[in-house]
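Below: the structure, in structure tokens.
Within every chain, numbering begins at 1; the chains are lettered A, B, ... in the order of the sequence lines, protein sequences first and strands thereafter.
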Amino acid sequence: MELREEDLNGVTALSVKGRIDSGTAPELGQKLEGVVSAPRRGLVIDLAELEYISSAGFRALFIAAKRANETGSRLVLCSLPGKVRQLFEIGGFLDIFAIAGSRDEAIARVR
Amino acid sequence: MMSCVATITGPGDGIARVESMLDEMAREHRLDADPVADMHVALDEVLSNIFRYGFADGLPHRVEVRLSVGPAMLKAEVEDDCAPFDPLALPPPDLSGTLEERPIGGLGVFFVRKLMSAVRYVREGARNRLVLEKWLSESDGRANGTA
């Protein structure tokens, strides 16, 4: 898994490349915790280059989304590839997370 | 059917070694990315459960993972000598509710059942044996996807 963080005029965009599994989820969780703990922050998680995500990864996203609600930050996921979207669907997560089709749409939604 | 085996004695790099073994097999046999991704997720769930619960007694244990690929199927056999545990006996998780209401966890085994074409558990003597099968053809793959 590779994480790339960019600051786009006050919005943080985090791109996740590769695989989120029990081995890599803790690193993702730590990174997300740092970003969503800042109050009223906009965070876009770009999953365009994600191969797959297991339940350990969903746990990390889930905790970050809850934390974002507490701190008044906005978190939107975007650009889910087909396989990743299928995993979100199986886990019943499509309605739980805010999900945008593109990065631009996600940025507009967190601003 | 060609196969390879990894023996793991603790979390350490165990899951990563199985991950590499599956990647190598997928490359060698030019398998489609989709069924391989499903098998990666299923193995991550199964092995992390074994390490979290099976190894919780603090005793030394061995887990053996055998991967094999045939013309129509990708198969993983996972055997461990931990306490008896039938993951298929777990009730499905409650997927309803909002972010605030939903409990975290209980999803791993559910993913395994949904992603694999067939899953079998048997207790053989002092060992748990879990067999995961993924059909390599897309139409067959979804046939049992709601199990």
Note to self: A quick test of your reading: do over 12 heavy atoms of other residues, nucleotides or ligands sit less than 6.0 Å from CD of E24(B)?
What the structure shows: no
Item checked: side-chain hydrogen bond (donor to acceptor under 3.5 Å, both in side chains) assessment of R103(A) paired with S79(A) -> CA-CA 7 Å; R103(A) 175 187 271 235; S79(A) 312; over 6 Å; no
Item checked: Pair S55(A), E45(B): side-chain N/O donor-acceptor within cut-off below 3.5 Å -> yes
Notebook entry, point to check: Just checking, is any N or O donor in the side chain of D94(B) or S96(B) under 3.5 Å from an acceptor N or O on the other one?
Noted result: yes
Check: Do other residues, nucleotides or ligands put more than 12 heavy atoms under 6.0 Å from the CZ atom of R85(A)?
Finding: no
Next item on the list: Please determine, among D95(A), I96(A), N69(A), the option with the most heavy-atom pairs under 4.5 Å with chain B.
Entry: I96(A)
Checklist line | Common cluster, V84(A)/F110(B), ILVMFWY with side-chain heavy-atom separation under 4.5 Å | finding: yes
Note to self: F55(B): which residues meet the ring pair (Phe, Tyr, Trp, His ring centres under 6.0 Å) condition with it, sequence neighbours left out?
What the structure shows: F51(B), H61(B)
Check: Which residues from residues 78-86 of chain B are near chain A, with near meaning under 4.5 Å between non-hydrogen atoms?
Finding: none
Checklist line | Structural part of L99(B) lying under 4.5 Å from a heavy atom of chain A | finding: both
Next item on the list: Against chain A, label T98(B) side chain, backbone, both or neither, depending on which of its atoms sit under 4.5 Å from a heavy atom there.
Entry: backbone
Check: With a 4.5 angstrom heavy-atom cut-off, which part of L87(A) approaches chain B: side chain, backbone, both or neither?
Finding: both
Checklist line | Under 4.5 Å from any heavy atom of chain A - which part of A16(B) | finding: neither
Checklist line | Among the listed options S54(A), G23(A), G82(A), the residue most often paired with chain B at heavy-atom distances under 4.5 Å | finding: S54(A)
Notebook entry, point to check: Cut-off 3.5 Å, side chains only: do R19(A) and T24(A) have a donor facing an acceptor?
Noted result: no
Check: Would you say R62(B) has more than 12 foreign heavy atoms packed within less than 6.0 Å of its CZ?
Finding: no
